[in-house]
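What you see below is based on every heavy atom in this structure, not just the backbone, and it leaves out hydrogens, waters and symmetry mates. So that the names make sense, note that chain A is the first sequence line, chain B the second, and so on, each numbered from 1.
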Protein chains: 2
Amino acid sequence: MPTHFKGDSGTKRALNAFINLSRASNSVQTRLSAGLDRHGITTSQLGILEALFHLGPMCQRALGDKLLRSGGNITMVIDNLEKHGLVERVRQKDDRRMIMIHLTPKGRKLISRVLPLHAKDVVKEMSRLTASEQEELRRLCRKLGRGGEVNLENEHGNSERKTKEKENDTSSTQ
Amino acid sequence: MPTHFKGDSGTKRALNAFINLSRASNSVQTRLSAGLDRHGITTSQLGILEALFHLGPMCQRALGDKLLRSGGNITMVIDNLEKHGLVERVRQKDDRRMIMIHLTPKGRKLISRVLPLHAKDVVKEMSRLTASEQEELRRLCRKLGRGGEVNLENEHGNSERKTKEKENDTSSTQ
DNA sequence: CATCAATCGTTTAACATCAAACTATCTATA
DNA sequence: TATAGATAGTTTGATGTTAAACGATTGATG
């Protein structure tokens with residue numbers, strides 16, 4: 001009963017690697033979101049606030065692309081942020097399909113206060129690994145990332161430079 | 001604008017490790033759940049079906065402990081499994097608070113068919129890493145697992161044996 | 001100019017998730 | 001025995017998530 005799998009060792013290895021990957025991600029995520037609780041925001045909300053803070057006002061479509069979330073999801077999370085007075089929707093005049101999301105002063109204040117604290121929490125969580133272990137973990141995880149190394153999105157049409165793949169922005173979510 | 005963080009390199013390293021950990025877990029999870037879609041079940045449902053298949057009938061509390069989910073969540077997922085005729089609730093006679101969850105023949109048939117296919121999918125996903133990379137990933141992820149190595153739950157009171165920590169069961173979820 | 005296709009955001013339905021309040025049941029103990 | 005506390009499961013309310021259908025707006029093309 002406690003064996004649970006009668007496959008070859010290669011299968012066991014893959015299953016174990018996957019299970020521990022999932023558990024680690026979930027564990028860290030859960031502990032970090034407890035930290036965010038103290039500031040009254042969720043992980044999803046942090047993602048949006050951080051993007052707005054670092055990149056400036058964006059339309060919902062762009063936020064969805066950046067955070068890898070569906071349009072409907074972005075609508076919902078922004079609804080909640082708006083209820084709390086942290087962002088506001090501004091309908092574009094030139095293209096009335098588009099709505100730019102702006103941080104309110106309250107939202108800007110909050111995110112600029114929370115971000116360093118959250119980063120500190122992340123550092124604390126990851127400090128269970130040494131520096132080189134963190135780099136190794138990153139390297140291994142990258143190989144498991146988005147299917148087939150797509151990267152077919154130049155964000156805002158800077159198609160003249162075939163630059164450095166972007167790959168990482170050192171944001172504190174996702 | 002593209003720098004996004006003006007912290008020391010240790011902070012950057014931790015943030016990058018964390019981001020890539022989350023993304024890897026999410027990516028793999030998303031691709032695997034597309035595979036489960038073909039069998040009409042979700043990841044959560046798979047977790048419960050698999051536990052029942054490997055461990056036999058269990059009460060909801062035990063399932064929640066095993067899968068690290070809240071009681072309310074278990075109730076909901078089992079509701080859906082029951083709707084689909086894959087499990088059934090059996091009220092205990094000796095202790096009427098308790099409800100044992102059983103696989104139906106249909107549920108047993110489904111999970112015994114799906115499990116090997118799902119395992120194969122996991123192997124395929126993880127094959128982006130070599131065998132030793134998988135083992136290294138597992139090792140690193142374990143260090144990030146549940147806070148402080150708690151393990152304060154002997155499941156069903158087998159408190160006489162201080163046995164081998166249990167740690168891993170080679171299941172294909174979680 | 002009219003229409004059609006693309007794009008943006010919203011809504012809906014289904015599932016997941018948690019915490020907290022609640023019901024039912026059991027156990028210990030006074 | 002009666003009552004209080006523990007335990008199992010459900011319900012509720014909030015959030016997040018997707019996919020699909022939908023409405024509004026824009027742009028292109030005949």
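In this structure, A:T42 and B:D79 both approach DNA chain D, and ranking their closest nucleotides by distance from the 5' end singles out B:D79. Nearest-nucleotide positions on DNA chain D for A:H84 and B:D95 put B:D95 closer to the 5' end.
Whole-Å rounding puts the B:D94 CG to D:dA8 C1' distance at 13 Å. C:dC26 atom C1' lies 15 Å from atom CD1 of B:I99, rounded to whole Å. For the pair A:R97 CZ and C:dT10 C1', the interatomic distance rounds to 15 Å; values are reported in whole Å.
Contact check, A:N73 against D:dT18: a side-chain N or O comes under 4.0 Å of OP1 or OP2. When the side-chain nitrogen and oxygen atoms of A:N80 are compared with OP1 and OP2 of D:dA14, none of them lie within a distance under 4.0 Å. Using a 4.0 Å cut-off, some side-chain N or O of A:Q45 falls inside it from OP1 or OP2 of D:dG16. OP1 or OP2 of D:dT10 has at least one side-chain nitrogen or oxygen of B:Q60 nearer than 4.0 Å. An OP1 or OP2 oxygen of C:dC8 is reached within less than 4.0 angstrom by a side-chain nitrogen or oxygen of A:R61. A sub-4.0 Å separation between OP1 or OP2 of D:dA19 and a side-chain N or O of A:S70 is absent. A:S44 has no side-chain polar atom (N or O) that falls below the 4.0 Å cut-off from OP1 or OP2 of D:dT15. Not one side-chain nitrogen or oxygen of B:R69 sits closer than 4.0 Å to the OP1 or OP2 atom of C:dA19.
Contacts of B:M98 with the nucleic acid, taken as non-hydrogen atoms under 4.0 Å apart, involve only primed sugar atoms and P, OP1 or OP2. Counting any heavy atom pair closer than 4.0 Å across all strands shown, A:R89 reaches sugar-phosphate atoms only and no base atom.
Looking at B:D8 and B:T11, their side chains do bring a donor and an acceptor atom within 3.5 Å of each other. Using a 3.5 Å distance cut-off with no hydrogens or angles, the side chains of B:Q92 and B:R97 do not pair a donor with an acceptor.
Distance from the side chain of A:T75 is smallest to C:dT10 among C:dT17, C:dT10, D:dA8. In this structure, the nucleotide among D:dT7, C:dA6, D:dT17 sitting nearest to the side chain of A:M76 is D:dT17.
Using a cut-off of 4.0 Å between Lys/Arg side-chain N and Asp/Glu carboxylate O, B:D79 and B:K83 are scored as not salt-bridged.
Cluster annotation: A:I41 is connected to A:L67 through the hydrophobic network of ILVMFWY side chains, with a link wherever side-chain heavy atoms come within less than 4.5 Å. Note on A:M100 and A:L52: separate hydrophobic clusters, where clusters join Ile, Leu, Val, Met, Phe, Trp and Tyr whose side-chain heavy atoms are under 4.5 Å apart, directly or indirectly.
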